[in-house]
Amino acid sequence: MDLSKHSHFPPEAQQDPERYRFEVELEFVQCLANPQYLNFLAQRGHFKEKEFVNYLEYLQYWKGQEYSKFLKYPQCLHFLELLQSEAFRSELANAQCTKFIEEQQLLHWHHYTKKRMLYQQQIMSQGVAKQPTVNK
């Protein structure tokens, strides 16, 4: 892709367009983990645009292992999956719905962290896990 004719692209995009596209799509996909951003997109009607919905469908390649390993906020993949539903997209315009999603996300993080810490403490108190033996 020759971006040299397009002045609205930054110089780094012109030097390595594939890397630039990867970084832009990575950033956008991770933004989908933010319910407030989803509400912003819904209120501005982006989820009603066929091109945007098609773009969300295209972005599902991020669920593959070769791409998902780059994600810092893996919950964005859950939201990407939910965004394939027209009903979910339309509900996101409702501020109360967005607030509920955000609260559930925060509760999940809180309890996950607590459970993960307890699990790690349990593993540490047991010492190194023994390798299972194979019966012959």
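Numbers here simply count residues along the sequence, with the first being 1.
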- Query: Which heavy atom in Q105 sits nearest to a heavy atom in A33, and how many Å separate them?
  - Reply: NE2-O, 3.0 Å
- Message: Tell me whether the rings of F28 and Y55 are parallel (<30°), tilted (30 to 60°) or perpendicular (>60°).
- Response: tilted
- Please confirm whether the backbone N or O of Y73 pairs with a side-chain atom of Q30, one donor and one acceptor, at under 3.5 Å? yes
Side-chain atoms of residues 63-72: list all donor-acceptor pairs with protein atoms under 3.5 Å, sequence neighbours left out, distances to 0.1 Å.
{"residue": "K63", "atom": "NZ", "partner": "Q60", "partner atom": "OE1", "Å": "2.9"}
{"residue": "K63", "atom": "NZ", "partner": "E81", "partner atom": "OE1", "Å": "2.3"}
{"residue": "S68", "atom": "OG", "partner": "G64", "partner atom": "O", "Å": "3.2"}

- Item | Over all atoms of both residues, closest heavy-atom pair of V29 and C76 | O-CB, 3.1 Å
- Measure across A93 and A42 and return the closest heavy-atom pair with its distance rounded to 0.1 Å. N-CB, 3.5 Å
- Message: I'd like to know if the side chain of E57 and the backbone of V53 have a donor-acceptor N/O pair within less than 3.5 Å.
- Response: no
- Query: Do L83 and L59 come within less than 4.5 Å of each other through their side chains, counting heavy atoms only?
  - Reply: no
- Item | Rounded distance [0.5 Å steps], CD in E23 versus CZ in R19 | 4.5 Å
- E103 CD to T98 OG1 distance, which is reported to the nearest 0.5 Å: 11.0 Å
- Message: My understanding is that only residues two or more places apart in sequence, or in another chain, count here; which of them pass side chain to side chain contact (heavy atoms under 4.5 Å, CB included) with Q96?
- Response: N94
- Go through the structure and list residues passing ring-ring contact (aromatic ring centres under 6.0 Å, His included) with F79, not counting sequence neighbours. none
- Which residue pairs pass the side-chain hydrogen bond (donor to acceptor under 3.5 Å, both in side chains) test with at least one member in residues 43-52, sequence neighbours excluded? N39-Q43
- Message: Please enumerate all residues that pass salt bridge (Lys or Arg N to Asp or Glu O under 4.0 Å) together with E25, with sequence neighbours excluded.
- Response: R21
- Show the numbers, then the answer: is there a side-chain contact (heavy atoms from CB on, under 4.5 Å) between L38 and F47? CA-CA 9 Å; L38 297 177; F47 294 144; 4.3 Å; yes
- Item | Straight-line distance of E27 CD to C31 SG, nearest 0.5 Å | 5.5 Å
- Can you pull the salt bridge (Lys or Arg N to Asp or Glu O under 4.0 Å) pairs that have at least one residue in residues 83-93, sequence neighbours excluded? none
- Query: Could you state the interatomic distance from CG (L82) to CG (L56), rounded to the nearest 0.5 Å?
  - Reply: 11.5 Å
- Item | M124 reachable from L118 in the ILVMFWY side-chain graph, under 4.5 Å edges | no
- Message: Between L77 and V24, is there shared hydrophobic-cluster membership here, with clusters defined by ILVMFWY side-chain heavy atoms closer than 4.5 Å?
- Response: no
- Query: Is the Y37 ring parallel, tilted or perpendicular to the F40 ring (thresholds 30°, 60°)?
  - Reply: parallel
